K.L.:
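Sending over a structure as structure tokens; questions will come in a sec.
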Amino acid sequence: MNINLTLFGQMVTFAIFVWFCMKFIWPILLASLEERQKKIEDGLNYAEKASRDLANAEEEIDAKLDEAKVEASSIIDQANKRAMQIIEDAKIKASEEGDRIKLAAKAEIDLETNRAKEKLRKSVADLAIKGAEKILEKSVDKEVNKSLLDKLAKEL
Amino acid sequence: MKGLASKDPATTSEYIQHHLQNLVYGRLPAGFERHSEQGHQVLTENTWTLAHGADEVAAMGFWAVHVDSMAWSIGLGIVFCLVFRWAALKSNPSTPKGFINFVEFIVELVDNKVKESFHAKNRLIAPLALTIFIWIFLMNLMDLVPVDLVPKLLMLVGVEYQKIVPSTDPNVTMGMALGVFLLMLFYNIKIKGFGFVKELTMHPFNHWAFIPVNLFMELVGFLAKPFSLGLRLFGNMYAGEMIFILIALMFAAGAGGSIISGGLNAQLFGEGTNVFLWLVTFLLVCFICLLNLKGKLSTGKTALYSLILLMISGGILGLSGGIMQLGWAIFHIIIVTLQAFIFMVLTVVYLGMAHEQDH
């Protein structure tokens with residue numbers, strides 16, 4: 001149990017081995033460990049991000065789906081309304097058209113009636129004149145009695 | 001006949017002393033009287049030589065080197081460097097495998113410990129802690145090699161003394177503790193500057209009149225750190241080694257007489273223990289354990305055959321000694337690891353204290 005030169009020998013050896021470890025062992029091992037740690041951390045972060053993204057996407061899908069449903073129902077409503085309106089419009093138009101055709105027909109009928117009446121009148125006037133000619137046995141001057149005859153025709 | 005006596009230690013105290021004697025290379029002073037088999041010889045000048053026996057070691061005093069301590073500690077340090085360097089080069093960030101994984105686990109453990117108790121920035125501390133932990137652990141681990149194995153084998157090739165556990169040498173443990181102490185001193189002065197002097201003089205009583213008291217108390221505390229660091233490790237390992245030696249002694253010294261108590265050893269070689277017999281037994285036990293590890297022998301049979309082998313070669317005493325050695329070795333593994341760990345943690349803590357501005 002004597003203290004001797006071994007003490008300093010050991011101190012020097014100690015220093016050398018610590019130096020070796022510090023220079024050639026520790027940095028390499030630690031760098032490798034840290035790199036792996038970083039890799040694992042990145043991987044975990046990535047996985048977490050991916051699962052978060054997935055959840056987000058699902059939420060988005062749900063929202064989109066709801067939106068689409070609402071839109072679809074509104075479109076259907078609109079279409080229904082539009083269809084009703086078109087039918088309504090068509091009805092109105094049809095009745096209007098009917099009325100118009102009726103009016104036109106009536107006007108034509110009136111026109112035809114008037115024309116017939118005119119014709120009749122004319123033929124009545126002619127007939128009356130011819131009758132009167134026959135009665136008077138002499139020809140009545142048409143020009144002279146024209147106003148008289150018109151008056152007669154109007155009264156008929 | 002001192003040389004012969006130390007080669008084959010017969011008495012209990014000689015056996016213990018022989019085990020606690022380092023292989024020393026040092027300077028014998030001029031005028032020292034050497035006793036050897038050729039007779040007395042008075043040295044005319046200072047001589048650097050291997051010491052034969054405790055009296056020559058004492059005469060060498062400070063100018064001596066424990067060759068065995070240095071060789072084993074440097075060897076184990078080189079083992080540490082090579083293995084960890086290899087692992088560092090093999091390690092890649094993707095998938096660690098097998099032993100490299102284990103090395104990385106240790107590095108991470110040390111790194112976490114350092115981060116826990118050392119808050120300043122210093123690139124030296126973590127590698128220092130790793131070196132201390134593994135190196136001391138390896139040195140302590142030599143305690144688990146059977147106490148007689150290496151010294152007896154080396155004795156066969158003519159090496160007189162051999163202590164294979166460097167951490168049972170106070171020079172080794174104190175050398176490391178002193179290294180740590182120098183670092184503490186360096187960083188205290190570098191980081192705190194004049195604040196370090198203030199810390200020593202104005203603490204715990206913050207008044208100028210108490211400066212001598214403070215200085216005394218703080219200096220004692222400061223100097224006690226390296227001593228406690230080095231002596232704790234030394235004490236633990238020395239005591240552990242001592243117990244191995246005592247157990248070995250118990251069954252080796254008492255191995256006389258009948259086959260029941262002394263086994264084959266006593267029958268063939270009488271009172272003394274024989275290296276070769278134990279070497280053969282040791283190798284056979286190793287072979288049986290190897291078979292077990294390869295899966296060719298069940299664990300129960302392995303234990304039984306080992307016990308029978310020990311019984312045949314060493315008798316009851318050999319058997320119980322072997323079992324006690326095993327028991328103490330298993331327990332000692334905890335101490336081996338714990339002491340290495342404590343040395344590392346305390347080093348980090350002490351250097352952390354040196355880096356902290358506010359006391």
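Just so you know, these numbers come straight off a predicted model, no measurement behind them.
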K.L.:
Quick one: are A:F14 and B:L128 in side-chain contact, heavy atoms under 4.5 Å?
P.N.:
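The answer is yes, as the side chains (C-beta and beyond) meet within the 4.5 Å cut-off.
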K.L.:
Considering only heavy atoms, which portion of B:D111 lies under 4.5 Å from any heavy atom of chain A: side chain, backbone, both, or neither?
P.N.:
both
K.L.:
Against chain A, label B:W135 side chain, backbone, both or neither, depending on which of its atoms sit under 4.5 Å from a heavy atom there.
P.N.:
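The side chain, not the backbone.
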K.L.:
In sequence, state the C-alpha distance, the side-chain angles, and the governing distance for B:L124 and A:W26, and then conclude on side chain to side chain contact (heavy atoms under 4.5 Å, CB included).
P.N.:
CA-CA 10 Å; B:L124 172 70; A:W26 186 265; over 6 Å; no
K.L.:
Using non-hydrogen atoms and a 4.5 Å limit, figure out which bit of A:I25 sits close to chain B: side chain, backbone, both or neither.
P.N.:
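Both parts, heavy atoms under 4.5 Å.
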K.L.:
Should we say atom CZ of B:F227 is surrounded by more than 12 heavy atoms from elsewhere, each under 6.0 Å from it?
P.N.:
no
K.L.:
Please determine, among B:G179, B:S91, B:C81, B:A58, the option with the most heavy-atom pairs under 4.5 Å with chain A.
P.N.:
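With the most close heavy-atom pairs to chain A, the winner is B:C81.
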K.L.:
Output the distance between atom NZ (B:K90) and atom CD1 (A:I28), rounded to the nearest 0.5 Å.
P.N.:
14.0 Å
K.L.:
Which heavy atom of B:L130 sits nearest to which heavy atom of A:C21, and what is that distance?
P.N.:
CD2-SG, 3.8 Å
K.L.:
Looking at B:L89, B:D169, B:I78, which has the largest count of heavy-atom pairs under 4.5 Å with chain A?
P.N.:
B:I78
K.L.:
Let's test your reading of the structure: which of B:G26, B:S73, B:A87 forms the most heavy-atom pairs below 4.5 Å with chain A?
P.N.:
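Greatest number of close heavy-atom pairs with chain A: B:S73.
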K.L.:
Measure B:Q21 against the heavy atoms of chain A and call it side chain, backbone, both or neither at under 4.5 Å.
P.N.:
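Contact with chain A is absent: no heavy atom of B:Q21 under 4.5 Å.
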K.L.:
With respect to chain B, which residue among A:I40, A:L33, A:L29 yields the maximal number of heavy-atom pairs within a distance under 4.5 Å?
P.N.:
A:L29
K.L.:
Shorter than 4.5 Å, heavy atoms on both sides: which option in B:V103, B:V107, B:V65 has the most such pairs with chain A?
P.N.:
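Of the candidates given, the most pairs with chain A belong to B:V107.
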K.L.:
Could you tell me whether the side chain of B:R123 and the main chain of A:P27 form a donor-acceptor pair under 3.5 Å?
P.N.:
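Absent.
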K.L.:
Name the option with the most non-hydrogen atom pairs under 4.5 Å to chain A; the candidates are B:S69, B:A126, B:G61.
P.N.:
B:A126
K.L.:
So, taking the atom named CZ in B:R27 and the one named CG in A:L5, what distance separates them when rounded to the nearest 0.5 Å?
P.N.:
9.5 Å
K.L.:
Heavy-atom distance under 4.5 Å between the side chains of A:I16 and B:I74, does that happen here?
P.N.:
no
K.L.:
Need one label for A:F17: side chain, backbone, both or neither, based on atoms under 4.5 Å from any heavy atom in chain B.
P.N.:
both
K.L.:
Is the shortest side-chain heavy-atom distance between B:L182 and A:M11 below 4.5 Å?
P.N.:
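Of all side-chain heavy-atom pairs linking A:M11 with B:L182, at least one is under 4.5 Å.
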K.L.:
Main chain of A:N4, side chain of B:N171: is a donor-acceptor contact present, judged purely on distance under 3.5 Å?
P.N.:
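Looks like yes, one N/O pair under 3.5 Å.
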K.L.:
Picking from B:M70, B:M60, B:R85, B:M174, which has the most non-hydrogen pairs under 4.5 angstrom with chain A?
P.N.:
B:R85
K.L.:
Are the side chains of A:S32 and B:E104 in touch, meaning some heavy atoms are under 4.5 Å apart?
P.N.:
yes
K.L.:
Kindly check if the number of other-residue, nucleotide or ligand heavy atoms within 6.0 Å of CH2 (B:W63) is above 12?
P.N.:
no
K.L.:
For the pair B:F62 and A:F8, name the ring-plane relationship: parallel under 30°, tilted 30 to 60°, perpendicular over 60°.
P.N.:
perpendicular
K.L.:
Carefully, step by step, assess A:Q37 and B:E108 under the rule side chain to side chain contact (heavy atoms under 4.5 Å, CB included).
P.N.:
CA-CA 11 Å; A:Q37 223 166 28; B:E108 220 164 3; 4.2 Å; yes
